[in-house]
Amino acid sequence: MIEMDYYDLFPDNRADADTPLRQAQLVMLRMLKIIDYICRKHNLSYWVCSGTLLGAVRHKGFIPWDDDLDICMIREDYEKFTQIAPLEFPKDIMLQTRESDPNYDYLPLPCKIRDLNSLIISEGLENVKYNQGLFIDIFPVDRYHIGGLVQKKEKLLKTYFRFITKCLDAKLGKDRSIKNFIISYFNPLFHFLTESYLHRIKSLIQLNNKALIHNQCLIGHGFDTPWRRYFKYSDIYPLQDILFEDTQVMAPNNIKAYLTELYGESYMTPPPENQRIQKHAVILKPILSDKGKF
């Protein structure tokens with residue numbers, strides 16, 4: 001595809017919004033549309049997850065105060081996508097992994113899609129060297145055993161990874177907590193443990209995703225991510241389309257089961273007003289160009 005087609009198909013309309021948050025949401029929405037287009041073109045599956053799925057169900061789009069967007073991809077499609085997307089993305093969007101961006105050193109999350117004409121900085125990340133444009137998180141998803149000692153081992157591995165990455169993240173909030181301040185002194189150790197884990201887990205990821213067949217496994221956030229969420233295969237597949245803002249995106253088969261697992265049965269009830277806040281941005285600049293539109 002000719003690169004300019006993406007600008008024609010998915011115009012950048014961030015400057016049409018009145019607030020920085022809504023401008024940022026329009027940036028992420030455009031990226032989501034491009035990701036969806038590429039996935040459907042190459043027969044790759046993904047689904048919107050976490051607060052993005054909740055927003056689609058409860059608000060028909062973004063949760064009004066949300067400043068991020070999350071999607072999941074089963075491992076084999078994730079690996080194909082990370083190879084295909086950089087060849088298809090327009091020049092103002094990049095795929096950010098530890099392989100594609102040598103400066104990207106945030107180990108708990110292996111992949112982001114970044115907009116190159118914006119800026120979002122989270123607490124503790126003010127001085128990092130990697131690109132910090134507005135982003136979509138892509139979570140690789142793996143297959144897990146159902147029951148038995150093998151499943152217990154898998155859950156222990158995920159619990160261990162969650163522990164060391166939370167310790168690794170202590171430096172991000174070291175000014176807020178004495179506990180984080182103390183743990184941050186051991187950051188080199190936790191960085192080494194995380195790198196070591198990520199290296200050793202690759203063989204298990206390959207083995208599980210080859211050996212476990214459909215309907216005889218659980219689906220969960222990847223071994224290389226710290227989130228411990230597991231779903232029945234039938235709760236995810238077959239995927240369905242759901243409206244998000246002005247576009248159709250892919251979603252899990254059993255949305256109710258998915259959201260109940262994450263947020264409880266009252267997920268349709270918004271939080272109190274004092275909790276309706278942006279969670280990621282200390283600095284948010286959706287427009288870096290003085291041209292306004294791109």
Side-chain angles (χ1 to χ4, degrees), residues 19-25 27-28 49-55 62-71 96-98 101 103-115 118-139 157-198 221-222 224-229 261-264 266-267 269-286 288:
T19 68
L21 177 57
R22 185 55 184 166
Q23 290 169 351
Q25 290 176 346
V27 173
M28 292 182 284
C49 64
S50 303
T52 306
L53 179 61
L54 178 61
F62 283 99
I63 295 173
W65 53 91
D66 204 1
D67 59 1
D68 79 331
L69 198 156
D70 301 318
I71 66 177
Q96 187 177 55
T97 65
R98 291 184 287 276
D101 184 351
N103 292 319
Y104 183 62
D105 59 357
Y106 187 66
L107 299 179
L109 219 168
C111 183
K112 292 177 180 284
I113 308 301
R114 295 276 190 182
D115 171 76
S118 58
L119 180 67
I120 180 170
I121 297 180
S122 300
E123 180 187 24
L125 298 178
E126 293 85 352
N127 299 313
V128 300
K129 296 180 180 179
Y130 57 80
N131 183 281
Q132 293 198 83
L134 282 159
F135 62 88
I136 292 177
D137 284 325
I138 298 186
F139 303 101
L157 285 170
K158 288 301 297 288
T159 299
Y160 167 72
F161 188 58
R162 180 176 178 82
F163 170 74
I164 59 176
T165 52
K166 282 182 73 69
C167 292
L168 192 66
D169 279 349
K171 67 175 184 179
L172 304 181
K174 64 181 181 180
D175 295 333
R176 287 188 285 107
S177 160
I178 294 177
K179 176 182 175 182
N180 285 350
F181 183 79
I182 294 172
I183 294 174
S184 68
Y185 272 103
F186 299 93
N187 185 266
L189 170 62
F190 291 114
H191 191 278
F192 169 79
L193 293 175
T194 303
E195 288 273 22
S196 178
Y197 171 91
L198 291 172
H221 280 67
D224 50 352
T225 71
W227 292 273
R228 297 171 296 178
R229 300 165 179 170
E261 172 67 22
L262 267 62
Y263 302 108
S266 60
Y267 62 82
T269 303
E273 288 193 19
N274 63 352
Q275 297 180 23
R276 300 177 191 180
I277 57 175
Q278 296 173 228
K279 295 182 178 180
H280 295 85
V282 174
I283 298 174
L284 181 63
K285 296 182 179 180
L288 293 183

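Remember, predicted model here, so these are calculated numbers, not experimental data.
No side-chain donor-acceptor contact under 3.5 Å links S266 to the backbone of T269. A donor-acceptor contact shorter than 3.5 Å is absent between the side chain of R162 and the backbone of R228. Using modelled atom types, one side-chain atom of Y263 and one backbone atom of G51 make a donor-acceptor pair closer than 3.5 Å. Using modelled atom types, no side-chain atom of Q25 and backbone atom of F62 make a donor-acceptor pair closer than 3.5 Å.
The aromatic rings of H221 and W227 lie tilted to each other, with the angle between the two planes from 30° to 60°.
From D67, atom CG reaches atom CZ of R22 across 13.5 Å, with rounding to the nearest 0.5 Å. Put simply, CD on E195 and CG on D105 are 9.0 Å apart, with the number rounded to the nearest 0.5 Å. Interatomic distance, D137 CG to L109 CG, rounded to the nearest 0.5 Å: 4.5 Å. Between the CG atom of L288 and the CG atom of D115 there is a distance of 8.0 Å, given to the nearest 0.5 Å. Going from atom CD1 of I120 over to atom CD1 of I283 covers 10.5 Å, rounded to the nearest 0.5 Å. A distance of 13.5 Å separates CG in D66 from CZ in R276, rounded to the nearest 0.5 Å.
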*Apply the test side chain to side chain contact (heavy atoms under 4.5 Å, CB included) to residues I136 and I71: give CA-CA distance (whole Å), side-chain angles for both, the deciding distance (0.1 Å), then the verdict.*
CA-CA 7 Å; I136 292 177; I71 66 177; 4.3 Å; yes
_Does S184 form a side chain to side chain contact (heavy atoms under 4.5 Å, CB included) with F190? I'd like the steps, not just the answer._
CA-CA 9 Å; S184 68; F190 291 114; over 6 Å; no
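Nearest heavy-atom pair across Q132 and L125 is NE2-O, 3.0 Å. Taking every heavy atom of both residues into account, Y106 and L172 meet most closely at CE1-CD1, 4.3 Å. Annotation for I183 and C167: closest pair CG2-O, 3.6 Å, computed over non-hydrogen atoms. Heavy atoms only, all atoms of each residue included: S122 and V282 are closest at C-CG2, 3.8 Å. Of all non-hydrogen atoms in P20 and P286, the two that sit nearest each other are O-CG, 3.0 Å.
The side-chain heavy atoms of T194 and T165, taken from C-beta on, include a pair separated by under 4.5 Å. Counting heavy atoms from C-beta outward, D68 and Q278 have side chains that stay 4.5 Å or more apart. Looking at heavy atoms from C-beta onward, L54 lies in side-chain contact with I63 at the 4.5 angstrom threshold. At least one side-chain heavy atom of R98 sits under 4.5 Å from a side-chain heavy atom of L198. Residues L134 and L284 are in side-chain contact: their nearest non-hydrogen atoms beyond the backbone lie under 4.5 Å apart. At a threshold of 4.5 Å between non-hydrogen side-chain atoms, the residues Q275 and W65 do not count as touching. Residues N103 and V128 have side chains not in contact (no heavy-atom distance under 4.5 Å, counting atoms from C-beta outward). A heavy-atom distance below 4.5 Å is not found between the side chains of T97 and P110.
For Y104, the ring-ring contact (aromatic ring centres under 6.0 Å, His included) criterion is met by Y130, not counting sequence neighbours. For Y160, the ring-ring contact (aromatic ring centres under 6.0 Å, His included) criterion is met by no residue, not counting sequence neighbours.
For residues 166-178, every residue pair satisfying the salt bridge (Lys or Arg N to Asp or Glu O under 4.0 Å) rule, not counting sequence neighbours, is listed here: E123-R176.
Other residues, nucleotides and ligands contribute over 12 non-hydrogen atoms within 6.0 Å of the CD1 atom of I277.
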